[in-house]
Engineer: 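If you scroll down you'll find the structure; I have some questions about it.
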Number of protein chains: 2
Amino acid sequence: MIATRTKDLGQAALWFHALADETRLKIIERLLEGEQCVCDLTEFLQTGQSRLSFHLKTLKDAGLLKDRREGRWIYYSLDDDAISEIGRWLDSFKDKRLKVRPAAPCCD
Amino acid sequence: MIATRTKDLGQAALWFHALADETRLKIIERLLEGEQCVCDLTEFLQTGQSRLSFHLKTLKDAGLLKDRREGRWIYYSLDDDAISEIGRWLDSFKDKRLKVRPAAPCCD
DNA sequence: ACAATGTATCAATAAAAATTGATTAGTCAA
DNA sequence: TTGACTAATCAATTTTTATTGATACATTGT
């Protein structure tokens, strides 16, 4: 269904946009090791608090991260559901790759 | 090695940026079916020639597409090498996911 | 209640990316 | 050679994102 596919593409575009930044990829790479509090990430990334907060929000809004407060600290972690969804989406993409159609001539 | 990893992240960010747009994803989805000439893509996407050309260039610059001229037409296709590279990169990412470290307390 | 700490949010600005229309550059056919 | 056609590129503008510094909010310890 066109509508569904379009919606999927929109969602995928959001995911990819969130991933299209080196700082955010560093965050994710770090979170692969497990949950981290913002203060640790700040130190790890050597960046301003406000800037980090912005990127964390970007990732969270894209559904890639979860956060949880514990006392004054906030811990971020990867959202495993989203990660799997992305994996599934990419697989479905790969599937389409398989059915190659005969070369089309062009423009008519 | 840090330097290498950083370079990889930079490359990945470029890939993801190219993928972070619904129009470009539509192009790729279409190219999964095989090589297409620009005129076909124009019709398929129902968009302006200049705009399409911009997005094709974006994808090509990211190394995701190849093009080839045949007479007055230019055909675009997916660059399989790049696609595999992305796949491998994602797999290496997944691998890191496996070695989960014990939960760190926080900030000291 | 107050001060200190960790983090989000806001407002202003800067930087990057996308859109549009016009122009240019190849290719073909008459 | 001219004209028609396909597609890239350019310039101007608009839109979107990112950065920075300031401020606000929640939590904790005193």
Side-chain angles (χ1 to χ4, degrees), chain A residues 9-28 30-31 35-77 104-108, chain B residues 9-28 30-31 35-77 104-108:
Chain A
L9 286 185
Q11 172 62 72
L14 289 179
W15 284 330
F16 289 132
H17 167 258
L19 296 173
D21 177 278
E22 205 171 321
T23 297
R24 293 197 287 267
L25 287 179
K26 280 183 192 161
I27 292 172
I28 290 186
R30 180 75 166 178
L31 292 180
E35 191 182 52
Q36 303 275 338
C37 71
V38 175
C39 43
D40 278 339
L41 289 170
T42 305
E43 188 178 356
F44 175 66
L45 290 168
Q46 290 289 306
T47 189
Q49 180 268 316
S50 168
R51 182 168 174 272
L52 174 58
S53 204
F54 167 77
H55 287 298
L56 286 171
K57 180 170 168 34
T58 302
L59 286 165
K60 188 183 162 193
D61 287 350
L64 301 179
L65 301 189
K66 293 179 299 189
D67 61 347
R68 123 189 123 76
R69 175 183 285 275
E70 187 174 316
R72 354 182 182 192
W73 298 288
I74 300 201
Y75 288 80
Y76 279 87
S77 57
C106 178
C107 297
D108 28 37
Chain B
L9 286 184
Q11 174 61 73
L14 289 178
W15 284 330
F16 289 131
H17 168 258
L19 297 172
D21 178 278
E22 206 170 322
T23 297
R24 291 195 289 264
L25 287 180
K26 280 183 191 159
I27 292 172
I28 290 186
R30 181 74 166 176
L31 292 180
E35 190 182 53
Q36 303 276 339
C37 71
V38 175
C39 44
D40 278 340
L41 289 170
T42 304
E43 186 177 359
F44 174 64
L45 291 169
Q46 290 289 306
T47 188
Q49 182 267 318
S50 167
R51 183 169 175 270
L52 174 59
S53 203
F54 167 77
H55 286 298
L56 286 171
K57 179 170 169 36
T58 301
L59 286 165
K60 188 183 163 195
D61 287 349
L64 301 179
L65 301 189
K66 292 179 298 187
D67 61 346
R68 125 188 120 78
R69 174 183 285 276
E70 188 174 318
R72 358 184 178 191
W73 298 287
I74 298 201
Y75 288 80
Y76 279 87
S77 56
C106 176
C107 297
D108 29 37

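Everything numeric here is computed off the predicted structure, so don't read it as measured data. Letters go in sequence order (proteins before strands), and every chain restarts at 1.
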Engineer: Please tell me if B/Arg69 has a side-chain N or O lying less than 4.0 Å from either OP1 or OP2 of D/dA7.
Structural biologist: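 Answer no for this pair, as no side-chain N or O of B/Arg69 is under 4.0 Å from OP1 or OP2.
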Engineer: Using the ring-ring contact (aromatic ring centres under 6.0 Å, His included) criterion, which residues pair with B/Phe16? Sequence neighbours excluded.
Structural biologist: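 Once residues adjacent in sequence are excluded, the partners of B/Phe16 under the ring-ring contact (aromatic ring centres under 6.0 Å, His included) criterion are A/Phe16, B/Trp89.
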Engineer: Could you check which of D/dG21, C/dT7, C/dA22 has an atom nearest any side-chain atom of B/Ser50?
Structural biologist: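 When the side chain of B/Ser50 is considered, C/dA22 is the closest of D/dG21, C/dT7, C/dA22.
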Engineer: Of the listed nucleotides (D/dT19, C/dT7, C/dA18), which one gets closest to any side-chain atom of A/Phe54?
Structural biologist: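 Nearest nucleotide to the side chain: D/dT19.
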Engineer: Measuring from the side chain of A/Thr58 (C-beta onward, heavy atoms only), which nucleotide among C/dA8, D/dA18, D/dT9 has the closest atom?
Structural biologist: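 In terms of side-chain proximity for A/Thr58, the closest of C/dA8, D/dA18, D/dT9 is D/dA18.
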Engineer: Rounded to whole Å, please give me the gap between NZ in B/Lys57 and C1' in C/dA18.
Structural biologist: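 About 14 Å, once rounded to whole Å.
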Engineer: Can you tell me which nucleotide in C/dT7, D/dC10, C/dA17 comes closest to the side chain of A/Trp73?
Structural biologist: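 Ranking C/dT7, D/dC10, C/dA17 by closest atom to the A/Trp73 side chain puts C/dT7 first.
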Engineer: Please name the pair of heavy atoms, one in B/Leu25 and one in A/Leu9, separated by the smallest distance, quoted to 0.1 Å.
Structural biologist: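 Minimum heavy-atom separation between B/Leu25 and A/Leu9: CD1-O, 3.5 Å.
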Engineer: If every non-hydrogen atom of B/Ala13 is compared with every non-hydrogen atom of A/Glu22, which pair is closest and at what distance?
Structural biologist: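 For B/Ala13 versus A/Glu22, the nearest heavy atoms are CB-N, 4.0 Å.
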Engineer: Please give, in whole Å, the distance from D/dT9 C1' to B/Lys60 NZ?
Structural biologist: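 Going from B/Lys60 (NZ) to D/dT9 (C1'), I get 13 Å.
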Engineer: Looking only at heavy atoms, which two atoms of B/Arg51 and B/Thr23 are closest? And how far apart?
Structural biologist: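 Distance-wise, the nearest heavy atoms are NH2-OG1, 2.9 Å.
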Engineer: Check whether any side-chain nitrogen or oxygen of A/Tyr75 sits under 4.0 Å from OP1 or OP2 of C/dG6, and answer yes or no.
Structural biologist: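 False: A/Tyr75 side-chain N/O out of range (4.0 Å or more) of C/dG6 OP1/OP2.
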Engineer: Which nucleotide in the list D/dG29, C/dT9, C/dA18 gets nearest to the side chain of A/Arg72?
Structural biologist: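 Closest of the options to the side chain of A/Arg72: D/dG29.
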Engineer: Once you round it to whole Å, what is the distance between C1' of D/dT16 and CG of A/Asp61?
Structural biologist: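 One finds 15 Å between C1' of D/dT16 and CG of A/Asp61, rounded.
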Engineer: Which part of the nucleic acid does B/Gly71 contact within heavy-atom distance under 4.0 Å: base, sugar-phosphate only, or nothing?
Structural biologist: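 The answer is sugar-phosphate, as B/Gly71 gets under 4.0 Å only of primed atoms, P, OP1 or OP2.
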Engineer: Can you find a side chain N or O atom of A/Arg51 that sits less than 4.0 Å from OP1 or OP2 on D/dG21?
Structural biologist: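 For D/dG21, OP1/OP2 do not have a side-chain N/O of A/Arg51 under 4.0 Å.
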Engineer: Separation of A/Ile74 atom CD1 from D/dC25 atom C1', in whole Å?
Structural biologist: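 Taking atom C1' of D/dC25 as the reference, CD1 of A/Ile74 is at 11 Å.
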Engineer: Let me know, please, whether B/Gln49 or B/His55 comes out on the 5' side of the other along DNA chain C by nearest nucleotide.
Structural biologist: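 First, find each residue's nearest nucleotide; the 5'-ward one identifies B/His55.
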Engineer: I want to check one thing: is the phosphate of C/dA8, taken as OP1 and OP2, less than 4.0 Å away from some side-chain N or O of A/Tyr76?
Structural biologist: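 For A/Tyr76, the contact criterion (side-chain N or O under 4.0 Å from OP1 or OP2 of C/dA8) is met.
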